[in-house]
Amino acid sequence: MRFVSYIARRIIGIFGVLLGVSLITFFISHALPADPAAAALSSHASNEQVAQYRRDLGLDRPVVEQYVTYLGGLLRGDFGRSIRTQRPVIDDLRAFLPATVELSLGALLVAVFLGIPLGVLSSLSRNRLPDHFVRLFSLLGGSVPIFFLGLLLISVFYNQLGWFPAGGRIDTFVTPPPHVTGLFVLDSILAGDMDALKSSLHHLILPSFTLGYYSTAVTARMTRSSMLEVLGQDYVRTARAKGLPQRIVVARHALRNALVPIITVVGILFGSLLSGAVLTETVFSWPGLGGYATTSATGVDFPAVMGVTVIAAMLFPVLSMLVDLLYTRLDPRITTS
Amino acid sequence: MKPNTFVLPSVVMAFLLGACAPAAAPTAVPAVPPTAVAPAKPTAVPNTAANTLVYARAIDDAVTMDPAVAYEFSGVVPVSNAYETLVRYEGTDYANVKPSLATKWEIKDNGDTWGLTFTLRDGAKFASGNPVTADDVVYSFQRVIKLKKSPAFLFTDIGGLKVESFSAVNEKTFGITMPKTASAQAFLAVLTFATGSVVDSKLVKANEKDGDSGTAYLQDKSAGSGPYVIESWTKNVDIRLKANAAYTGNKKPSLNSIIIKHVPENTNQLFMLEKGEADIAGNLSSEQLDSLKGKPGTTQLRADSWTLAYIGMNATVKPLDNVKVRQALRYAVDYDGIVNNLLNGKVSKVQGIIPKGLAGYNDNAPFKQDIEKAKGLLKEAGVENGFSMDMSLPSSAAPGGAQWSDIGAKLQSDFKKIGVTINLKPTLEAELLTAYRAQKLQMMGEDWGPDFADPDANGTPFGNYSAKSLAWRNGWDDKESEKLSKDAALETDPAKRVAKYKVLTEYVMNNGPFIILYQPTEGFGLRDNLKGFAFNPLRVIDFSVMSK
Amino acid sequence: MVSRRNSTPYFLRNPLTVIGLAVLGAFALCALLAPVIAPYDPLADELSKRLRPPSPEFWLGSDSLGRDLFSRLVFGARISLFVGVFVVVTAGVFGSLIGVLAGYAGGLVEEALMRVTDVFFAFPSLILAMAIAAALGRSLLNTMIAIAVVTWPVYARLVRGQVLSLREREYVTAARSLGAPTGRIIFKHLLPNSLGPILVNASLDMGGAILAAAGLSFIGFGAAPPTPEWGVMVSEGRQFLVTHLWLPLYPGIAILLVVAAFNLIGDGLRDTLDPQLRGRR
């Protein structure tokens with residue numbers, strides 16, 4: 001029962017966030033000095049045409065009324081229509097979200113499968129060369145501008161070495177797999193399409209690393225300090241004293257217990273990946289929400305910008321709820337109270 | 001503590017695998033190169049397949065592939081390849097329209113209106129197999145007006161047309177009734193543009209949804225009779241066209257498949273072109289084009305453009321209301337520096353409001369940087385101590401391959417020499433347009449390209465305050481200019497018309513609120529095995545004349 | 001409470017922290033003495049000398065308007081450091097006040113303040129900053145405001161957490177029972193004792209703010225050219241990546257260095273202020 005009420009409270013909280021986020025974005029959008037109708041119709045259209053377009057879109061109505069209409073639609077899952085393209089925003093979100101999710105998952109995998117081993121390596125070789133190397137690697141990851149990294153990686157790994165493609169999700173001449181989840185890698189596995197799988201993985205690597213480098217750095221640092229703490233604990237020392245091999249001590253005792261704080265960090269990182277995705281997608285021509293948000297914000301197409309914001313803002317509390325739930329499974333001492 | 005037993009082991013396993021799995025290969029230092037993958041990719045082939053064209057450019061401006069709505073470059077290019085218009089231009093002759101879907105046409109003087117009649121080509125068929133009839137033309141043109149989208153003004157404002165202006169005389173004869181306030185010749189020029197496309201009314205009507213006139217259906221596919229059909233448009237990915245098997249016109253497309261690929265970073269376009277992964281790179285800068293010299297397999301092309309890059313000066317703002325101040329500013333600009341250095345000499349110094357290539361072009365370019373003269377003019381105007389002014393510029397690339405911000409910085413230092421302080425305000429295009437439309441800018445920079453191949457496409461916006469276009473936005477209410485531009489537009493005798501435009505351009509050059517900076521060229525990087533590429537200054541690219 | 005007496009020596013005992021301080025010091029010197037150090041006016045164009053490679057005349061080359069890249073970088077240090085300081089001070093002060101108020105007041109006030117904080121916390125920072133920058137117009141000040149708006153919730157949460165744990169400590173309850181006014185308790189006891197974590201976070205956020213500002217500039221929503229902001233310089237230089245590599249490269253490296261310096265200092269501070277960590281670094 002307590003669990004149910006916990007979930008209910010979290011869900012109410014998520015709706016609160018949704019309300020707040022939509023309210024703030026909506027009023028920021030309407031404070032814009034730019035008229036989206038003027039933007040949508042280019043400089044050649046007449047003023048009458050622009051005024052007419054504003055009326056057609058209902059932009060001439062009071063802001064509060066517009067917000068109520070918008071919120072009403074939102075609760076029914078209707079994100080309104082893009083001012084620039086007149087298409088339902090939800091269609092665009094549906095088209096662009098999977099690409100961003102795939103990229104973010106890719107980045108997350110890089111963070112986990114590169115960050116945790118590096119952190120473990122670092123903690124086991126404390127103050128020796130591998131440790132210094134990992135710490136330098138982490139320092140760079142926490143400091144390099146993501147767009148700068150992307151540009152450098154493309155010019156080295158695409159232009160100079162030719163190992164990876166410059167951008168996009170799949171090769172121009174490879175047919176994307178049939179749409180199931182919208183994640184090309186997963187969909188190609190489901191369809192058993194090896195060409196599509198190879199091509200989409202190949203395209204995913206550089207952008208994932210670019211987006212994931214920061215998270216990798218944080219994860220590696222977190223793992224290192226978490227491991228160092230655990231390695232100093234009695235039960236680990238006992239295990240070692242018993243003569244258990246190093247890798248068993250590390251895997252079974254140390255890492256397992258170091259994992260809780262690591263999961264927290266990874267959860268938070270995942271929620272924050274979207275901001276980095278905006279920049280990564282720009283550099284890698286990745287057809288995701290980030291590029292959509294940028295184009296839309298440039299054209300002050302605010303229903304579209306709001307759609308992205310609302311989706312992204314929802315992602316965070318939902319993820320943090322999931323992380324909290326995962327905790328309670330990992331560590332029985334934490335309860336949902 | 002006893003961790004949950006089913007989550008952790010798998011995570012640990014995954015991690016241990018991860019430590020040695022190649023999934024973690026891409027570190028900052030080249031570690032284990034998956035070189036085995038690269039050569040197997042089609043991307044490593046020196047050129048794209050012989051019957052396929054890959055055109056890399058930014059396509060995020062595309063709004064739809066619907067001919068009645070599309071007005072952006074990335075929408076207009078596919079549309080003009082997938083649909084036929086009644087008349088069209090051939091080669092570089094933009095003075096005379098040629099037959100396309102209409103084999104002949106005539107313009108009759110009906111007293112207070114013009115009557116235009118078009119005879120449709122026998123045997124013309126849409127890609128669906130449906131014959132092209134006069135009803136299709138009526139439906140298509142009415143659709144443009146009813147939908148009221150970006151290009152609708154071409155019909156309603158330039159042509160003065162309404163829904164009831166169109167009629168099907170019989171199956172193969174189509175008529176337009178046009179008020180005499182509009183120019184029938186100019187409207188024929190309009191009809192060559194994508195907005196004049198004829199759509200397959202049977203097919204579109206069958207796919208209407210909730211009275212949307214088929215806009216949802218036509219958004220990413222075509223219903224036309226052109227040499228290509230639009231196969232798909234995946235937003236921010238690519239637009240794909242394939243040759244129309246049922247094409248009945250006289251062009252002979254040699255390339256089967258056209259892929260317009262979204263590559264927003266021009267650096268990546270350059271890389272792709274050099275590697276043969278793209279046949280055309282569409283948004284290269286001057287320096288990038290120059291860097292192609294001597295690169296094997298590539299070539300570059302500078303195509304004519306009718307765009308003008310200009311600075312607007314709001315004549316309602318003191319002291320810009322004084323014609324001498326505006327003239328002083330025109331004499332302060334280092335045009336040669338901008339043209340030769342900033343734009344590598346790849347653009348033309350043009351100072352009139354009508355671009356080179358259109359009838360009525362005035363090659364007089366009297367302005368060059370003359371600081372003494374400019375200072376003298378300021379003194380005559382009583383502002384010898386200078387003044388300060390905001391200049392709003394788009395935060396994007398200027399035509400011809402420079403950045404507006406660079407042009408702004410250059411102008412800032414030019415004007416400083418005559419004591420005029422410029423506060424540069426790079427502004428989002430949307431915001432700039434909004435303020436510009438409301439006459440709220442002081443000085444600004446923009447570019448303007450004519451909508452159709454007629455001097456009136458520039459004469460009216462630049463010269464006629466009542467048209468509420470550029471002259472109005474810069475608050476330049478000048479009756480003389482208004483009279484000259486109307487007069488020139490409606491003149492039917494070609495020679496007299498040119499003479500009248502000479503007077504108008506001369507007048508606006510010295511009195512108007514504009515500093516025309518230059519007329520750019522449109523640069524393209526190309527693979528050298530691509531033949532027949534041409535860019536039409538009306539911003540159309542015809543794929544059917546290209547081959548490899 | 002952390003003993004501050006021997007923290008300075010420990011802080012400086014870490015060579016990495018010293019490196020961070022040295023790098024930051026060099027940039028700060030550049031910022032302070034920019035007109036002295038820079039050989040050219042960062043805005044003065046010289047079209048006949050555009051796109052020159054690095055040479056004795058232009059140490060790091062010249063840009064597309066013939067401006068000296070080194071001079072622009074030096075003046076850019078002023079902007080980037082100012083962005084970092086402005087954002088962190090604004091967000092830190094505002095967020096801390098909200099946090100301390102929430103933590104101290106408790107009840108409905110706390111609930112309301114923290115829910116508002118949640119909303120801002122949930123925003124995808126770059127997208128909100130993009131919307132704000134679009135709404136307010138493109139300028140450096142607006143960029144900083146936008147980034148501050150997405151940064152403050154962290155401080156609110158941090159400080160509230162601190163206050164919650166400090167609130168019941170003896171010296172606070174003692175002060176309260178002696179009838180000390182709320183403001184006095186907040187400013188005299190609660191805030192100073194939360195300073196450690198705020199400081200650590202602030203030094204790391206300086207770097208974060210500089211990265212965010214550069215990111216916004218990169219996608220066209222940040223500082224406006226011709227401002228010699230490093231992000232703008234990378235953004236404008238990226239089309240020269242192949243032809244004139246120095247244009248995007250050096251500004252990018254400048255950002256990297258200054259952010260790394262802040263990160264090193266932040267780490268050093270954390271080690272110093274959190275004695276538990278000392279053994280582990």
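Note that this is a predicted model, so its numbers are computed, not measured. Reminder, nothing fancy here: chain letters follow the sequence lines and each chain counts from 1.
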Is [Y] close to [X] at the side-chain level, that is, under 4.5 Å between some pair of heavy atoms?
| X | Y | value |
| --- | --- | --- |
| A:Val283 | C:Phe218 | yes |
| C:Leu128 | A:Val21 | no |
| C:Ile219 | A:Phe147 | no |
| C:Met130 | A:Val305 | no |
| A:Leu139 | C:Leu16 | no |

- prompt: Which bit of C:Ile210 comes within less than 4.5 Å of chain A, counting heavy atoms only: side chain, backbone, both or neither?
  reply: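 Answer is neither: C:Ile210 stays 4.5 Å or more from chain A.
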message: Please classify the contact between C:Phe221 and chain A as side chain, backbone, both or neither, with a heavy-atom cut-off of under 4.5 Å.
response: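 The side chain, not the backbone.
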Distance-minimising heavy-atom pair for [X] and [Y]:
| X | Y | result |
| --- | --- | --- |
| A:Ser155 | C:Leu241 | CB-CD2, 3.8 Å |
| C:Leu249 | A:Phe148 | O-CZ, 3.5 Å |
| C:Asp267 | A:Arg221 | OD1-NH2, 2.7 Å |
| A:Ala293 | C:Ile127 | CB-CD1, 4.3 Å |
| C:Ala260 | A:Ser143 | CA-OG, 3.1 Å |
| C:Val259 | A:Gly142 | CG1-O, 3.8 Å |

Among C:Pro248, C:Ala214, C:Gly252, C:Ala261, residue most engaged with chain A (heavy-atom pairs, under 4.5 Å):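 Looking at each of C:Pro248, C:Ala214, C:Gly252, C:Ala261 in turn, C:Gly252 comes out on top.
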message: Looking only at heavy atoms and a cut-off of under 4.5 Å, which of C:Gly215, C:Ala212, C:Gly207, C:Gly220 has the most pairs with chain A?
response: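 Most heavy-atom pairs within the cutoff with chain A belong to C:Gly215.
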At a 4.5 Å cut-off on heavy atoms, which part of [X] comes close to chain C: side chain, backbone, both, or neither?
| X | value |
| --- | --- |
| A:Thr298 | both |
| A:Leu152 | side chain |
| A:Thr294 | both |

- request: Heavy-atom pairs under 4.5 Å with chain C are the metric here; pick the option from A:Gly13, A:Pro145, A:Ser296 that has the most.
  value: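 Top count of heavy-atom pairs under 4.5 Å with chain C: A:Pro145.
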- prompt: Once you round to the nearest 0.5 Å, how far does OG1 of A:Thr282 lie from CZ of C:Arg238?
  reply: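 Rounded to the nearest 0.5 Å, the OG1-CZ separation comes to 7.5 Å.
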query: More than 12 non-hydrogen atoms from neighbouring residues, nucleotides or ligands closer than 6.0 Å to CZ on A:Phe15, yes or no?
result: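 Counting neighbours around CZ of A:Phe15, 12 or fewer heavy atoms of other residues, nucleotides or ligands fall under 6.0 Å, so no.
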